[in-house]
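Each chain gets a letter, A, B and so on, in the order the sequences are listed, and its residues count up from 1.
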There are 2 protein chains.
Amino acid sequence: MGDGLDLERLTTAIEDFTTIFIRLPAVQRFNFSTLSVLHTLARRGPLRLTDLLKTEQLKQPALTSLVAKLEQDGLVRRRPDPRDGRAMLLSLTRQGREIVRSRHAHRVAKLSQLVAQLTDEEREVLAGSAQVLTRITEIAATNDAEGNRRSADRADT
Amino acid sequence: MGDGLDLERLTTAIEDFTTIFIRLPAVQRFNFSTLSVLHTLARRGPLRLTDLLKTEQLKQPALTSLVAKLEQDGLVRRRPDPRDGRAMLLSLTRQGREIVRSRHAHRVAKLSQLVAQLTDEEREVLAGSAQVLTRITEIAATNDAEGNRRSADRADT
DNA sequence: CAAACTATATCAATCTTCGATGTAGTCGAC
DNA sequence: GTCGACTACATCGAAGATTGATATAGTTTG
């Protein structure tokens, strides 16, 4: 209580930070949607189209055609789901993973250069925040999953 | 020294966190580029097209037409720069600011709900990190500005 | 005041995205 | 087992966004 956590300020700080950290110039010819799809597949392993759809800000036909193009370009692999004849399992090829890794590496390098200009104290704060950010992301995922269960059940008050 | 700052891990944590925090479903019909332009204008006040261009991942013609549409929709104001007859000064209208504020408010609400599920200790770490994030963003801006000066000078080794 | 430069606008071609709809696979009740 | 309802993904045509090339107009410098 009263720990001085100013959400307003923190949100603004994150918004501004992502502008310089996440929106790197697209070194290759990829747009936001494409990069987001690649990142999600890199992080969450093989996914069905429908599951991938949930995290992306696209409608299904757009995602289908984006994935088709990525397959043609050799970045994504598509194979039938052995458990469900309707579904496709999507994953990255080695080449696809390489793109995600390269962007990630750019970010690490950029962050490294910035962190070098901080005080020791500031660096300590950052070190702790990685863990907290991960926790928050997990909590959000859990909340979403529960939300889905509830609305599927139609059993809540 | 040896403060356990793992940049690899921190970068991944930030990447994953922004997926749930920044890429909110576009409640309105705006795409990424549009939202980014609105955010930048909200934060950095009146800007010339060329200056706005620097922070956006778009080419100049695309930005011109995007801004034209935003003006038609009443979200952006365009007026001639009194200091330079070639340039236009872009800023948000009240309505444009309202959109940015609304997305920001959504984020604050979402963060608030997540933070409520953290321990006191975790909240304390977050409280400190707002300041550090802001510092990092400032440093990055300074670095960029210096980089531009240097390459304009063509005077470095 | 002419040449070189800068800021923005326009154009046609290409790529993205969308809503609507189609096809094929799955599931559960009987 | 087979009928009906549902789900996963694909296809299609239209609308919108983005691009490179280029045009126009204003500015600066010698």
Side-chain angles (χ1 to χ4, degrees), chain A residues 23-38 40-41 44 46-73 75-91 148-149 151-154, chain B residues 23-38 40-41 44 46-73 75-91 148-149 151-154:
Chain A
R23 288 176 207 157
L24 303 175
V27 175
Q28 289 112 336
R29 62 226 166 284
F30 305 114
N31 60 22
F32 288 118
S33 310
T34 304
L35 293 169
S36 179
V37 163
L38 293 177
T40 304
L41 286 178
R44 307 222 200 308
L47 283 176
R48 309 162 134 228
L49 189 69
T50 309
D51 292 332
L52 176 58
L53 196 55
K54 285 172 193 160
T55 62
E56 306 304 309
Q57 308 301 328
L58 282 176
K59 302 296 175 179
Q60 181 259 318
L63 186 54
T64 293
S65 84
L66 175 51
V67 164
K69 190 162 65 81
L70 290 175
E71 187 187 23
Q72 284 201 337
D73 292 352
L75 305 182
V76 163
R77 184 178 309 120
R78 269 167 31 106
R79 49 178 178 165
D81 184 341
R83 304 196 164 265
D84 186 339
R86 299 164 299 177
M88 284 293 183
L89 284 181
L90 309 175
S91 55
N148 289 342
R149 252 199 308 102
S151 59
D153 287 350
R154 304 239 175 277
Chain B
R23 289 176 206 157
L24 303 174
V27 177
Q28 289 110 335
R29 61 227 166 282
F30 304 113
N31 60 22
F32 288 119
S33 311
T34 305
L35 292 168
S36 179
V37 163
L38 293 176
T40 304
L41 287 178
R44 307 223 200 306
L47 284 176
R48 309 163 134 229
L49 191 67
T50 308
D51 293 330
L52 177 57
L53 196 55
K54 285 173 194 159
T55 62
E56 308 303 312
Q57 309 301 330
L58 281 176
K59 303 295 177 179
Q60 180 260 318
L63 187 54
T64 294
S65 82
L66 174 51
V67 165
K69 191 163 65 81
L70 290 175
E71 187 187 23
Q72 286 200 336
D73 293 352
L75 305 182
V76 163
R77 184 179 308 122
R78 268 167 34 104
R79 48 180 178 165
D81 184 341
R83 304 195 164 265
D84 185 338
R86 300 165 299 176
M88 284 292 183
L89 285 180
L90 309 175
S91 55
N148 289 341
R149 251 200 307 104
S151 59
D153 286 353
R154 303 239 175 278

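A heavy-atom distance below 4.5 Å is not found between the side chains of B:Thr34 and B:Leu75. By the 4.5 Å heavy-atom criterion applied to side chains, B:Asp81 and B:Met88 are not counted as neighbours. The closest side-chain heavy-atom distance from B:Leu89 to B:Pro82 is below 4.5 Å. With contacts defined as side-chain heavy-atom distances shorter than 4.5 Å, the pair A:Gln57/A:Phe32 does not qualify. No side-chain heavy atom of A:Arg48 sits less than 4.5 Å from a side-chain heavy atom of A:Leu90. Looking at A:Phe30 and A:Val37, their side chains never come closer than 4.5 Å, going by heavy atoms from C-beta outward.
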Between the protein and nucleotides 11-16 of chain C, list every N/O to N/O distance that falls short of 3.5 Å.
{"unit_1": "C:dT16", "atom_1": "OP1", "unit_2": "A:Lys69", "atom_2": "NZ", "d": "3.2"}

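Residue contacts shown for A:Asp84 are limited to sugar-phosphate atoms, with no base heavy atom under 4.0 Å away. Within 4.0 Å (heavy atoms only), B:Arg78 reaches sugar-phosphate atoms of the nucleic acid but no base atom.
Boundaries of the chain B contact region on DNA chain D are D:dA17 to D:dT27, first to last in 5' to 3' order (nucleotide atom under 4.0 Å from a heavy atom).
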Do B:Glu56 and B:Thr40 pass the side-chain hydrogen bond (donor to acceptor under 3.5 Å, both in side chains) test, and can you show the C-alpha distance, the side-chain angles, and the key distance before you say yes or no?
CA-CA 9 Å; B:Glu56 308 303 312; B:Thr40 304; 2.6 Å; yes
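Atom pair B:Leu47:CG and C:dT8:C1' shows a separation of 15 Å (rounding to whole Å applied). Summarising the geometry, the separation between CD on B:Gln60 and C1' on C:dA7 is reported as 8 Å, rounded to the nearest angstrom.
On a pure distance criterion of 3.5 Å, a polar donor-acceptor pair joins the side chain of B:Arg86 and the base of C:dT6.
In terms of position along DNA chain C, the nucleotide closest to A:Lys59 lies nearer the 5' end than the nucleotide closest to the other residue of the pair A:Lys59 and A:Gly85.
Between B:Arg48 and C:dA7, a side-chain N or O to OP1/OP2 separation shorter than 4.0 Å is present.
Ionic pairing of A:Asp84 and A:Arg86 is present here: one or more N-O contacts between side-chain nitrogen and carboxylate oxygen are shorter than 4.0 angstrom.
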